[in-house]
*Asks:* 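Sharing a structure, written as structure tokens. Questions coming.
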Amino acid sequence: MKNHDDEIIISYFLRAGVIISVSFIVLGVILMFVKNGGDGFTLSQLSSYNYALNHGIDSKSLPLGLIPEGLRSLDGLYFITVGLWVLIFTPITVVFIGWISFLEDKNYRYVLMASIVLFNLFFAMLVVPRFIG
Amino acid sequence: MSLIFILIKFISILVGSIFAGFIGSLTGLGGGTVLVPILTLFYGIPFIFAAGASLISTIATSAGSASAYTRKKIANIKIGIGLEIATTTGAIVGSLTLVFIDRHALIWVVYVIFGLVLLFSLIPTIRKIGAEVPPEMPPDWTTRVFQLTGQYYDEHLKQTVKYKGVRWWLGEIVMFFAGFVSGLLGIGSGALKVLGMDWAMNLPMKVTTTSSNFMIGITAATGSSIYWYEGYINVFIAAATAIGVLIGAFFGAKVLVRISNQNIRWVFFAILSFLGFDMVFKGLHIINFIITFSLTIQFFISIAISIIMISALYIHTRRKEWKEVK
């Protein structure tokens, strides 16, 4: 990378992603304890691993489409969900910034390589779940 | 009253995660390699939840500490993204394999594989112990084609280190396995990534550990989204580990830039060997194969074996140093 400011930008993005994510998670944990649970489950159900495992209380029981409603009703579980998904998207921004900076450098070999990485990431997010679900 | 117990449970997972994050960041492994054994062996958390919480927390470690390293311009982002082609592909294959194993109730296999991966990741560590900057190798065609050059300022050596990577193709092969292991075991598989860059591509240790740190996040993001849809992420556990691992990683990153590479590798070895043996034993215990004694006895046997191994290795490397002095 010719432009060395990219490293600073990447560093800011990573930091921002982590801070946003952790804020949501911390808020969600507080809400979860204050309201004694979330998403229709009590806190003791959520916190006992084997009960959760046997009763399907996991990420599968938290549809991403319900996030807006969950946030509006101050449901702690959905705050944590948002936090975790911000976390998942954070490293992707690095690849994206890399992609842009390779394009600026006219380093097309690396533009192609970064594109393949982005393709893999979205393949895992959008295509794979349809097959395993 | 039960609320207090749940709070204590949450905090105890948090503390375990802080420990895992600290060690993970210090070694460039990512917190997961330490976190999964801790969660399964000491907290009794089912493997898939441990793997799910660990993989997503690994992103936090990776992003948190990578934001510090990229600023120092030690990590090589270009080489990292190039190698991510293989790790993300591997992560997809790996997490789908875990889904298959879990659906067929073969989870003991994953314990054994986990332990073995831990133990085998020690081999490159043992062999190259003490090498701060790798011996120079003549650049090959991949050095030019994939632009595998770079430089960084080493605070410990107090000089700018220039380096040239070689054997890009071999790096990619190792990285595919690193990604596979990451998706299969819910860890960042930093050890394999370090192996890929350190051994295969002959990059300096500082560059490999810091680059692997930000690569771990991208690999883990791939696996995490598959884990999410398959229901491997328990929000209660994941919330505690994500925060804990991040706190641990923060302190680990502070220490890493001031530590000599040799120290990193010793910490690496001591903890991993114990956790590795204990995971193998636990896997075999599940199917009552050979090992049928209780978990407590397993625990002490693992400690004994790892103490013997560490001491033997320590004496072995020290003897080399003593010979050199003479």
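Numbers restart at 1 for each chain; the letters A, B, ... are given by sequence-line order, proteins then strands. Owing to the predicted nature of the structure, the values given are computational and were not obtained by experimental measurement.
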*Asks:* Between A:Asn107 and B:Gln147, is any pair of side-chain heavy atoms under 4.5 Å apart?
*Replies:* yes

*Asks:* Between chain B and each of A:Phe119, A:Tyr110, A:Phe123, count heavy-atom pairs under 4.5 Å; write down the option with the most.
*Replies:*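 Going by pairs under 4.5 Å, I would pick A:Tyr110.
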
*Asks:* Can you tell me how far apart CG (A:Leu87) and OG (B:Ser62) are? Round to the nearest 0.5 Å.
*Replies:* 9.0 Å

*Asks:* Look up atom CD1 in A:Ile88 and atom OG in B:Ser225, then write down how far apart they are to the nearest 0.5 Å.
*Replies:* 6.0 Å

*Asks:* Within a radius of less than 6.0 Å around CZ of A:Phe41, do more than 12 heavy atoms belonging to other residues, nucleotides or ligands occur?
*Replies:*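 Yes.
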
*Asks:* Answer yes or no: is there a side-chain heavy-atom contact under 4.5 Å between B:Ile81 and A:Trp99?
*Replies:* no

*Asks:* Any non-hydrogen side-chain atom of A:Met113 less than 4.5 Å from a side-chain atom of B:Phe146?
*Replies:* yes

*Asks:* Less than 4.5 Å to any heavy atom of chain A: does that hold for the side chain of B:Ile92, its backbone, both, or neither?
*Replies:* side chain

*Asks:* Identify which part of B:Ala242 has an atom lying under 4.5 Å from any heavy atom of chain A, answering side chain, backbone, both or neither.
*Replies:* side chain

*Asks:* Could you tell me which portion of A:Arg15 (side chain, backbone, both or neither) has an atom closer than 4.5 angstrom to a non-hydrogen atom of chain B?
*Replies:* both

*Asks:* Could you grab the distance from atom OG1 of B:Thr222 to atom CD1 of A:Ile92, nearest 0.5 Å is fine?
*Replies:*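 So the OG1 of B:Thr222 and the CD1 of A:Ile92 are separated by 7.0 Å.
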
*Asks:* Hey, could you give me the CZ/CG distance between B:Phe10 and A:Leu46, rounded to the nearest 0.5 Å?
*Replies:* 11.5 Å

*Asks:* Counting only non-hydrogen atoms closer than 4.5 Å, does B:Leu55 touch chain A with its backbone (N, CA, C, O), its side chain (CB onward), both, or neither?
*Replies:*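 No part of B:Leu55 comes within 4.5 Å of chain A.
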
*Asks:* Does the side chain of A:Leu64 reach to within under 4.5 Å of the side chain of B:Tyr229, using non-hydrogen atoms?
*Replies:* yes

*Asks:* Pick one of side chain, backbone, both or neither for B:Ile243, based on which atoms fall under 4.5 Å of a heavy atom in chain A.
*Replies:* side chain

*Asks:* Taking all non-hydrogen atoms of both residues, which atom of A:Pro91 and which atom of B:Ala221 are closest, and how far apart?
*Replies:*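 It is CG-CB, 3.9 Å.
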
*Asks:* Under a 4.5 Å heavy-atom cutoff, which of A:Ser44, A:Gly76, A:Gly83, A:Ser47 has the most pairs with chain B?
*Replies:* A:Ser47

*Asks:* What option among A:Phe13, A:Trp85, A:Phe122 has the most heavy-atom pairs under 4.5 Å with chain B?
*Replies:*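 Sorted descending by pairs with chain B, the first entry is A:Trp85.
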
*Asks:* For the interface with chain B, which of A:Leu84, A:Leu126, A:Ile19, A:Thr90 has the highest count of heavy-atom pairs at distances below 4.5 Å?
*Replies:* A:Leu84

*Asks:* Tell me if the CZ atom of A:Phe96 is crowded by more than 12 foreign heavy atoms within 6.0 Å.
*Replies:* no

*Asks:* Within a reach of under 6.0 Å around OH of A:Tyr12, are more than 12 heavy atoms found that belong to other residues, nucleotides or ligands?
*Replies:* no

*Asks:* Give, as side chain, backbone, both or neither, the part of A:Ser21 having an atom under 4.5 angstrom from any heavy atom of chain B.
*Replies:* neither

*Asks:* Measuring only between side-chain heavy atoms, which start at C-beta, is A:Phe79 closer than 4.5 Å to B:Val235?
*Replies:*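 The answer is no; the side chains never approach within 4.5 Å.
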
*Asks:* Test side-chain contact (heavy atoms from CB on, under 4.5 Å) on A:Val18 and B:Ile59 and set out the steps.
*Replies:* CA-CA 9 Å; A:Val18 171; B:Ile59 305 176; over 6 Å; no

*Asks:* How about B:Tyr232 and A:Asp58: do any of their side-chain heavy atoms sit closer than 4.5 Å?
*Replies:*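 Counting from C-beta outward, B:Tyr232 and A:Asp58 never come under 4.5 Å.
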
*Asks:* With respect to chain A, which residue among B:Asn234, B:Ile218, B:Thr89 yields the maximal number of heavy-atom pairs within a distance under 4.5 Å?
*Replies:*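 If we count pairs closer than 4.5 Å to chain A, B:Ile218 comes out on top.
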
*Asks:* Can you establish whether the number of heavy atoms outside B:Phe42 located under 6.0 Å from its atom CZ is more than 12?
*Replies:* yes

*Asks:* Specify the closest pair of heavy atoms between A:Val117 and B:Thr88, including all atoms of both residues, with the distance to one decimal.
*Replies:* CG1-CG2, 4.2 Å

*Asks:* At what distance, to the nearest 0.5 angstrom, does NZ of B:Lys78 lie from CG of A:Asp105?
*Replies:*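 If I round to the nearest 0.5 Å, the distance is 7.0 Å.
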
*Asks:* What part of A:Val22 gets closer than 4.5 Å to chain B, counting heavy atoms only: side chain, backbone, both or neither?
*Replies:* side chain

*Asks:* Checking heavy atoms, do the side chain of A:Val29, its backbone, both or neither come under 4.5 Å from chain B?
*Replies:* side chain

*Asks:* Would a 4.5 Å heavy-atom cut-off, applied to side chains only, mark B:Ile77 and A:Glu7 as touching?
*Replies:* yes

*Asks:* May I ask you to check whether B:Phe236 and A:Tyr49 place their ring centers less than 6.0 Å from one another?
*Replies:* no

*Asks:* Can you say whether B:Phe214 sits under 4.5 Å from chain A via the side chain, the backbone, both, or neither, judging by heavy atoms?
*Replies:*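 B:Phe214 touches chain A through side-chain heavy atoms alone.
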
